[in-house]
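By convention here, the first residue in the shown sequence is residue 1. Note that ligands are numbered from 1 as they come in the structure, with each ligand's atoms numbered from 1 the same way.
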Amino acid sequence: MKRAYFISDSHLGARYITDKRQHEMRLVRFLDSIKDDAAELYLLGDILDYWYEYKWVVPRGHVRFLGKLAELADAGVKIYWFTGNHDVWLFDYLRDEIGLEVIRGHTVMEIMGTKFLLSHGDDVGYQKPMYRFTRWCFYNKVCQWLYASVHPRWTYPIATSWSQQNRITRSPAVEAKVREDCCKRLEVFSTEHAQHHPEVRHYMYGHVHLARHLALPGGRTMTILGDWIDQFTYATFDGEEVTLNNAVDQ
Ligand SMILES: [Mn+2]
């Protein structure tokens with residue numbers, strides 16, 4: 001029986017990744033390895049470290065990765081790409097070119113007869129007002145129009161160095177605390193959500209860069225997908241059980 005696969009947070013193209021081709025190829029080899037087994041592929045955000053899609057023009061890079069997605073889509077794999085906080089500005093290009101579905105915000109979906117709540121993880125639970133405001137700007141049509149009217153010569157370096165700063169400015173101890181707090185926030189949200197939505201059996205997130213698979217009350221589970229920067233983790237669902245795995249052979 002074919003399975004659903006879930007990955008997140010590869011941050012392809014990030015400035016802090018030294019060998020970008022090797023990084024991309026690792027993900028490409030993984031996708032190649034699942035192409036016969038996968039019925040559905042869920043990309044839970046921050047797959048690209050930065051992407052801004054203009055009406056007539058798209059950013060350079062990621063050719064082998066996007067080609068592999070196209071190959072899977074052509075072979076009949078249904079691909080869903082949930083936008084993260086780094087790849088917010090995917091619009092219709094990959095939908096039209098590859099045939100994947102772009103999804104914004106947390107969404108309940110039925111996968112092989114079982115209901116999942118899926119989200120990148122940045123839009124559920126309590127977030128500080130400044131974070132919510134930034135996120136609102138990112139998704140606001142007028143802000144997007146204004147941003148797109150600035151030449152990418154100016155916006156591209158600012159956006160990619162901002163992403164790099166966000167990653168390197170925190171000390172390891174602070175980063176670990178932020179990630180644990182984020183796990184807790186997702187667990188609290190999922191537990192509360194499940195009380196009002198008994199039909200939802202599994203909760204799945206990215207964003208945190210920690211790999212976690214927890215039991216929630218009532219036989220539910222919550223999975224946080226880790227990343228494809230140094231963990232190479234993915235989840236699968238076979239219609240019965242969610243498992244969190246490590247692509248050790250990659
Ligand atoms: Mn994220």
For this session: Would you verify whether the NZ or CZ of Arg26 falls within 45 degrees of the ring axis of Phe232 while also being under 6.0 Å from that six-membered ring's centre?
Result: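 Cation-pi check for Arg26 and Phe232: passes.
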
Exercise. Name whichever N, O or S atom of His207 ends up nearest to the Mn ion (ligand 1).
Key: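 Checking each N, O and S atom of His207, the shortest distance to the Mn ion (ligand 1) belongs to ND1.
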
Determine whether Asp46 and His120 satisfy the following criterion, side chain to side chain donor-acceptor pair (under 3.5 Å), listing intermediate values before the conclusion. CA-CA 8 Å; Asp46 289 0; His120 176 60; 3.1 Å; yes

Q) In terms of ring plane angle, is the pair Tyr52 and Tyr54 parallel, tilted or perpendicular, where the classes change at 30° and 60°? A)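 Rings of Tyr52 and Tyr54: tilted, as their planes differ by 30° to 60°.
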
Open item on the list: Which label fits Tyr80 and Tyr42: parallel for a plane angle under 30°, tilted from 30 to 60°, or perpendicular past 60°?
Closed with: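 Plane angle under 30°, so parallel.
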
Do you see an N/O/S atom of Asp46, backbone or side chain, under 2.8 Å from the Mn ion (ligand 1)?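 Yes.
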
**Prompt:** Counting backbone and side chain alike, does Ser8 bring an N/O/S atom below 2.8 Å of the Mn ion (ligand 1)?
**Reply:**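 No N, O or S atom of Ser8 is closer than 2.8 Å to the Mn ion (ligand 1), so no.
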
